[in-house]
**Q** 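Before we start, here is the structure in question, set down as structure tokens.
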Amino acid sequence: MGEDKKEKRYKTGLLRSLWPYNFNAERYSYTLHRITGVILALYLIAHVFEIYHFALGPVAWEQTIALLGSLGIWEKIGLWIIAGSALYHGANGLRLILNEVFGMLLGKPVLPEYPYTPTSLSRNQKIAIYVILAIVIALWIWAGLYLLEGLGII
Amino acid sequence: MKVRIRRYDGQKEWWQDYEVDVKSSDTVLDVLNKIREKQDHTLAFRLSCQMGSCGSCGMVINGLPALACQTRISELKTDSIRIEPLYNYKVIKDLVVDLNEFVNKHRSVKPWIIRKNPEELEEAPIEFKVTPEQNLTFVQFDYCIMCGICLAACPTVAIDPLFLGPQALGQAYRYIADPRDEGFEERIDILDDSHGVWRCHFAGACSYVCPKGVDPAKAIQFLKKEILKYRLLHKKKAATKPAELVEKAPPPNAPKPPPFDFKFEGGV
Amino acid sequence: MPGKYSLLKESWIMILMYTLALIMVFVLTIHLLLVSPLTGKTFDQVLTYSYVLDNLTYYRIVFGLLLYAAVIHGLNGLRIVLIEWLHIRKFQWIINIIIVILMAILLAFGTYTLIVL
Amino acid sequence: MRKDIGMETLDYDVAIVGSGLAGLRTAIEVLRRDKGKLGLKVAVISKIYLMRSHSVSAEGGTSAVLYPEEGDSFELMAWDTIKGSDFLADQDAVWRFVHIATQEIRLIERWGVPWNRREDGRIEQRWFGGLSFPRATYAQDKTGFFEMRALYDTLLKYDNWDRFDENFVTSIVIENNEFKGFTAIDLKTGNFRYFRAKAGVIATGGAGQLYRITSMAVSSTGDGYGLAYNAGLPLKDMEFVQFHPTGLVPRGILITEAARGEGAYLINKDGERFMQKYAPSKMELAPRDIVSRAIMKEIMEGKGIYDEKSGLYHVWLDMRHLGKERIEQKLPFIREIGLKYLGIDIVDQPLPIRPTVHYNMGGIHVDIDGKVLDSTGTPVKGLWAAGEAACVSIQGSNRLGSNGTNECLVYGYIVGNDIYNYIEKERPALPSPSQNILTTEEDRIFGKLLGKESGGEDVYEIRDELKDTMEKYVHVYRTGSDLEKAVVKIRELKERYKNIRLTDKSRVFNYNLEHALELGNMLELAEIIARGALLRTESRGAHARLDYPNRDDTNWLKHTIALKGADGPLFSYIPVKITMWKPVARVY
């Protein structure tokens, strides 16, 4: 197997991998899952250091909060994105656990019937995806309103 | 109809436009044949059976990997076609891609029946007993024609060429699910690798584009389940019970030719 | 050469991933509820020193679990993205080591925060 | 791109050209017998990728006697085969063949073929045309595909072989009646290769591409026949071209005989099951030649249906009464084809079908062990042929449905064993041909064909005209005057072929060059078929002459042998081996 990374391949790479256009809903959710995952991991690193300031005492903590507060609306938007990421990543992750660990929502092996509609991408899976999206969006709007409320806009 | 084809001659890449007369019943492969035979003899693409069972003509048609021989023009619902070689492969010439890596990946998962006693594969009494229900557990995954389209759609293969890919993993599951096979433990280390089965994150694109309904995504999720079961519960292949060999039947008549004036008295 | 350059069998790592993910569903829900409208406070109020201190000391085990689950799950996720993206078997151990060091640093800081209070 | 022209020499013990069922089975058999004892190295050479061979399109089933306790017997299968062949089959070969078929079915079952099963887990069988017992073993309607899968996957198990995908073999090197290797072009680089081998196998399949409407793949251009013929080896019975009765209009895509085996009807314009006129006892399940002739007769009598899109006449294949569940279980691929190519669901509409070219009964003249024979009837040292490329002859003048895949399997087994025995016993050394042969061959391809700048004939135009000629004059029904016209036309095309010029001058994946080489073989074959048919003044099996409508056992119970002469093929005849049954009238 080609260990050589420099081999030229056609239309390949990170952006292609994350570009689900023309494909199925699961591939969109794959892209979202991966992007939200990376956002959360990076936020986690920052968040641990942010909380570390808490251990340094009330003054350091107030300073940190003030520093973040100086970002103004961007802090809230950032937190809103992170809240959304956490909600989506968690909910979609639960679906993936059902799929991967328990083999659920996939259907059984069947004799394929033309026109082929793979059972793993069929009704149950689609319902799960849309239910997840509905819940996540509802909670995300709620979180957004809360964050904006804190800013005194609403 | 306007056809845009991605060309490559070993040095430079370019898009070439062709104007072709098509009938609505034509397939994309017919269009390519018309171009090669009537307009441009230098166009290179693979084809063989023209009925969707050999898997030669995998290519990307209007952004979606598909078999050219079973994509009808009328299904595309566009007035121009854009044809590219399969994504994620090395292109050799025009629409011809290098499949060697793909076949090596397939071979690396040991896609053959493994028995504890290899003699059973050579000299078994009669046959393995496989009920229609047991047959159903793997026959879907045996539909794979090795066209390589699923790897062109897979987002993991797009960044990780070392990933075994949906085809190889699907075939690994096909043999693991086969009630005649006993090779689960031999395969598990190959599959349970840092570029093995766990690099699948269930984007499902392979199943979405598969021209034969193999549903490799399903097979891979089942494979994960089997591996987890094995690691956590030490259960081997709970999916299917191993097949039994049918009892030894009476030996067939010894091959001795009948006399010359043998009278046939059957109900023909 | 399967497994030669990996620290653990990939399936054990994934078992850890799934387990931590399930744990996080619970502990992260608690964490988010503590900074949610359900507390009856505004967003600025939930960030005050006294409120946070109350929570951190009262739910110390929850936050400890969250810290360990999140750091291991999150950074391993990052590792998966990296080994797929950089996909050179020979140098995979470098990614693994960087991730492990990063994990250790984050856990050290986090644990210190939780213990010192 | 590589500019240098170099010749690679690759040394192997066994070189197999063709990667279909017969080729793969031979490779497996050699390696399986060997088990590292002699360390035989096998090369599998194919002009396409392995697993792309046309064997994957075989649909219906594979005949074998599995249940003697239920009334089947080897005698019955041999009788069916011989009667189906219109008594042109060599009966000793058939007798051997029916015995090995049983073992092959069970062997590939153990290698992973998902045969359809009975409720108790044993292999299920079904009816097929011309059989007197339902003995077509099947895996849905993709039997050939699943067999290929199992063989290919099993071959992967062995280490001591190399695959040469996309290597187009251009000639067999034979000196002093001894096989010395193959020359080939590596399409991927355009390099010239010489495969030096102690034993060679030709398993290249048939030549359906001579015709416009054919169920055969684009790759089935009869290269093996051409290779042998150009090397001065005789071809046998080439005028017998099988027309499968049910090819989908307009392409000729195969609708398996299993559809009729499951109970489908053939219906003409008036809604009549016309087969009762032609084969009252077997009806739709008569052998293929009879059904094909019946359909053509209906069309000639004006009882066919005209298809406006393609301008072809056809009849209906009606499966509506089978029910959806049965179709899904047993004929899913046929349903898929109907939906995919015509938008017709066989569950509630009949399919338009007409005869389509399906199989070449003839082939390279081989003996009962698959050894290739030369013009005097002595075996060429170290050369075998198997499958459709060879003519043993088991299929005689008409192959029974479901006897094709098992001929490949059986002869793969026989040839593989024979090769192993040959190498084990005689321990031949690697051959050393005179360099002259190789350089001449290289010059023929790259100098005289690829490098040629003069001339203006187009490969594809000649190919199209050849296909139209064959379709028009050398079809199901043949007449002397039509065949004469065909011969004249083919000779004209052969003259024009000398004048072709290639537009693509590159080395990498030059399909233009490959097609030109294929066309050279196809023209030779077309001439052999047309002239052989012209000479055979009788109707037997698949060869039906309107001007000689009867079988003539006094003059024509013999095999045709075609040899390359200075000016077209030279014909001679050899007797049929009749050991069991004397020819009787063939009525179904």
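Order of the sequence lines sets the chain letters (A, B, ...), proteins ahead of strands, with each chain counted from 1. All values below were derived from every heavy atom in this structure, side-chain atoms included, with hydrogens, water molecules and symmetry-related copies excluded.
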**Q** Hey, what do you get for CD1 (C:Ile80) to CG (B:Asp160), rounding to the nearest 0.5 Å?
**A**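 Nearest 0.5 Å value for the CD1-CG distance: 11.5 Å.
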**Q** Can you check whether C:Glu10 reaches B:Val197 side chain to side chain, under 4.5 Å on heavy atoms?
**A**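 Contact flag for C:Glu10/B:Val197 side chains = no.
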**Q** Would you say the side chain of C:His87 lies within less than 4.5 Å of the side chain of B:Arg199, judging by non-hydrogen atoms?
**A**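 Contact flag for B:Arg199/C:His87 side chains = no.
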**Q** Working to the nearest 0.5 angstrom, can you tell me the gap between B:Phe163 CZ and C:Ile83 CD1?
**A**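 So the gap between those two atoms works out to 11.5 Å.
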**Q** Just by modelled atom types, is the C:Ser11 backbone N or O under 3.5 Å from a matching donor or acceptor in the B:Asp192 side chain?
**A**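 Confirmed, B:Asp192 side chain pairs with C:Ser11 backbone.
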**Q** How about B:Arg231 and C:Trp12: do any of their side-chain heavy atoms sit closer than 4.5 Å?
**A**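 Touching, per the 4.5 Å side-chain cut-off.
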**Q** Check the pair B:Leu228 / C:Tyr18 against side-chain contact (heavy atoms from CB on, under 4.5 Å), numbers first and verdict last.
**A** CA-CA 11 Å; B:Leu228 290 181; C:Tyr18 292 131; 4.1 Å; yes
**Q** Test salt bridge (charged side-chain N to carboxylate O under 4.0 Å, His left out) on B:Asp189 and C:Lys9 and set out the steps.
**A** CA-CA 9 Å; B:Asp189 275 350; C:Lys9 274 265 174 285; 3.6 Å; yes
**Q** Using distance alone, with no hydrogens and no angle criterion, decide if B:His195 and C:Gln92 have a side-chain donor and acceptor under 3.5 Å apart.
**A**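 A pair is found: one side chain offers a donor N or O, the other an acceptor, under 3.5 Å apart.
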**Q** Count the heavy atoms of every other residue, nucleotide or ligand shown that sit under 6.0 Å from CD1 of C:Ile61, and state whether that count exceeds 12.
**A**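 Check fails, neighbour count at 12 or below.
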